[in-house]
K.L.:
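My questions will all concern the structure given below.
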Amino acid sequence: MRTEAIDSELTRVRESGPLREVKIPPCPELLTRLRKVMEAREPDLAEVQAIASADVAMGATLLRSANSPVHLGDGAPCVSVGQALTRLGLQHSVQLMRFFLLRHALPVRNSALQRFWERSQKRALAMQFLAQRVPGLPVDLAGSHGLFCHVGMPVMLQQLRGYGATLVEAAARIDRPFVATEDANHRSNHAVVGALTVRVWGLPRTLMASVRLHHDFSVINDRGIEPDVALLVAAGLVAEQLMRLHERLTPDADWQQHGEAVLEWLQLDDTTVQEWADQLEPLLDEIT
């Protein structure tokens, strides 16, 4: 499914389909400002610092990360947002800011998603890690894909009656995919709602497509799909497995069914994935 087809699908479900009554929360103003500054060929670092300093809690998040054992090393503790940005680097700082703003725009108050934002941050960090190692994986979109690919879940939880029960059912069933249970109960699923959220918020169309297709691993054999979209979807499955290795969990159904083909397509192997999981461990340990 090409990006144009996904765009048409979202228009259809929005105008006359099952999502016409769903209200997508507005994009946070600071996230919009951050998107605009990062779209520039040379981002205005002063503007990034101004955005980071505009919310006291967000600035504190950056300082806490910069002063964590992983980033502090032998250096002196950071005492300002500017110092934190310098130590963390632009890409990592921006990803932390996106995470902070997204988490507060879409609060999750349901036991079935109690670790939702923790796992979203881990997935984004794993995707950033992969972007440094997988040729062609778009660095600017990798972390965002990890952060946004399941964002449809809290939106559906807010907007659709009974979705909390659907989450429990979908997690328990082994006879069909997670999204099939969502489709059966609500005539839509978190991949569609997540892609719609990305589109409404004015985020990149490549991200919209990768979120829509993040459970559709046929993309690796689809010559009609944009290469960046296929890479994001494939790397997303590897990132999920890296998280599960860190959490000492068994592989999920997607990995069991598609992991071998995705690794072959990416020219990777299980040994490399395990080595990367070991390297990622101290970074993921930071996230609670």
K.L.:
Taking only residues two or more places apart in sequence or in another chain, which ones pass side-chain hydrogen bond (donor to acceptor under 3.5 Å, both in side chains) with Glu264?
P.N.:
none
K.L.:
Cut-off 3.5 Å, no hydrogens considered: what does the side-chain donor-acceptor table look like for residues 53-65, sequence neighbours left out?
P.N.:
| from | atom 1 | to | atom 2 | distance (Å) |
| --- | --- | --- | --- | --- |
| Ser53 | OG | Gln49 | O | 2.9 |
| Asp55 | OD1 | Ala57 | N | 2.9 |
| Asp55 | OD1 | Met58 | N | 3.0 |
| Thr61 | OG1 | Ala57 | O | 3.0 |

K.L.:
Which pairs with one or both residues in residues 227-237 pass salt bridge (charged side-chain N to carboxylate O under 4.0 Å, His left out), sequence neighbours excluded?
P.N.:
none
K.L.:
For residues 125-137, tabulate all N or O donor-acceptor pairs below 3.5 Å that involve a side-chain atom, not counting sequence neighbours.
P.N.:
| from | atom 1 | to | atom 2 | distance (Å) |
| --- | --- | --- | --- | --- |
| Gln128 | NE2 | Gln91 | O | 3.4 |
| Arg133 | NH1 | Phe129 | O | 2.9 |

K.L.:
Mind checking whether Val139 and Leu147 sit in one hydrophobic cluster, side chains of I, L, V, M, F, W, Y counted as touching below 4.5 Å?
P.N.:
no
K.L.:
Do Val179 and Leu237 share a hydrophobic cluster (ILVMFWY, side-chain heavy atoms under 4.5 Å, transitive)?
P.N.:
no
K.L.:
Do Thr166 and His186 have a side chain donor and acceptor closer than 3.5 Å?
P.N.:
yes
K.L.:
Between Gln274 and Asp278, do the side chains contain an N or O donor and an N or O acceptor separated by less than 3.5 Å?
P.N.:
yes
K.L.:
Between Gln257 and Ala253, is there a donor-acceptor pair closer than 3.5 Å when you use the side chain of the first and the backbone of the second?
P.N.:
no
K.L.:
Is it the case that more than 12 heavy atoms not belonging to Glu281 sit under 6.0 Å from its CD atom?
P.N.:
yes
K.L.:
Could you tell me whether a side-chain N or O of Arg244 sits under 3.5 Å from a main-chain N or O of Thr250, the two making a donor and an acceptor?
P.N.:
yes
K.L.:
If the condition is salt bridge (charged side-chain N to carboxylate O under 4.0 Å, His left out), which residues does Arg123 pass it with, not counting sequence neighbours?
P.N.:
Glu240
K.L.:
Would you confirm whether Gln159, through its side chain, and Val22, through its main-chain N or O, come within 3.5 Å as a donor-acceptor pair?
P.N.:
no
K.L.:
Would you call the rings of Phe217 and His258 parallel, tilted or perpendicular if under 30° counts as parallel and over 60° as perpendicular?
P.N.:
tilted
K.L.:
Listed by chain and number, what are the side-chain hydrogen bond (donor to acceptor under 3.5 Å, both in side chains) partners of Thr272, not counting sequence neighbours?
P.N.:
Asp269
K.L.:
I need the full list of side-chain hydrogen bond (donor to acceptor under 3.5 Å, both in side chains) pairs touching residues 20-36, with sequence neighbours left out, sorted by first then second residue.
P.N.:
Arg33-Glu47, Arg35-Glu39
K.L.:
Per the salt bridge (charged side-chain N to carboxylate O under 4.0 Å, His left out) rule, what does the pair list look like for residues 157-178, sequence neighbours excluded?
P.N.:
Glu169-Arg173, Glu169-Arg176, Arg173-Asp175
K.L.:
Should Leu19 and Ile24 be regarded as members of a common hydrophobic cluster, given that ILVMFWY residues are connected when their side-chain heavy atoms come within less than 4.5 Å of each other, either directly or indirectly?
P.N.:
yes
K.L.:
Determine which pairs satisfy side-chain hydrogen bond (donor to acceptor under 3.5 Å, both in side chains) with at least one residue from residues 105-116, sequence neighbours left out, and list them in order.
P.N.:
Arg115-Glu118, Arg115-Glu247
K.L.:
How long is the gap from CG on Leu113 to CG on Leu167, to the nearest 0.5 Å?
P.N.:
5.0 Å
K.L.:
Sequence neighbours left out, what passes side-chain hydrogen bond (donor to acceptor under 3.5 Å, both in side chains) with Ser68? Give chain and number order.
P.N.:
Glu286
K.L.:
Find the distance between CG (Leu242) and CG (Leu280) and round it off to the nearest 0.5 Å.
P.N.:
5.5 Å
K.L.:
side-chain contact (heavy atoms from CB on, under 4.5 Å) between Trp117 and Leu102: does it pass, once the steps are laid out?
P.N.:
CA-CA 9 Å; Trp117 287 118; Leu102 185 56; 3.4 Å; yes
K.L.:
If a pair satisfies salt bridge (charged side-chain N to carboxylate O under 4.0 Å, His left out) and one of its residues is in residues 189-204, list it, with sequence neighbours excluded.
P.N.:
Asp7-Arg199
K.L.:
Report yes or no: does Asn67 contribute a side-chain atom to a donor-acceptor pair with the main-chain N or O of Pro77 at less than 3.5 Å?
P.N.:
no
K.L.:
Check whether Trp255 reaches the backbone of Gln241 with its side chain - one donor and one acceptor, N or O, closer than 3.5 Å.
P.N.:
no
K.L.:
Return the minimal non-hydrogen interatomic distance between His71 and Ala66, and the atom names on each side.
P.N.:
CB-O, 3.5 Å
K.L.:
Table please: side-chain donor-acceptor pairs of residues 190-198 below 3.5 Å, with sequence neighbours left out.
P.N.:
| from | atom 1 | to | atom 2 | distance (Å) |
| --- | --- | --- | --- | --- |
| His190 | ND1 | Glu182 | OE1 | 2.8 |
| His190 | ND1 | Glu182 | OE2 | 3.2 |
| His190 | NE2 | His214 | NE2 | 3.2 |
| His190 | NE2 | His215 | NE2 | 3.3 |
| Thr197 | OG1 | Val193 | O | 2.9 |

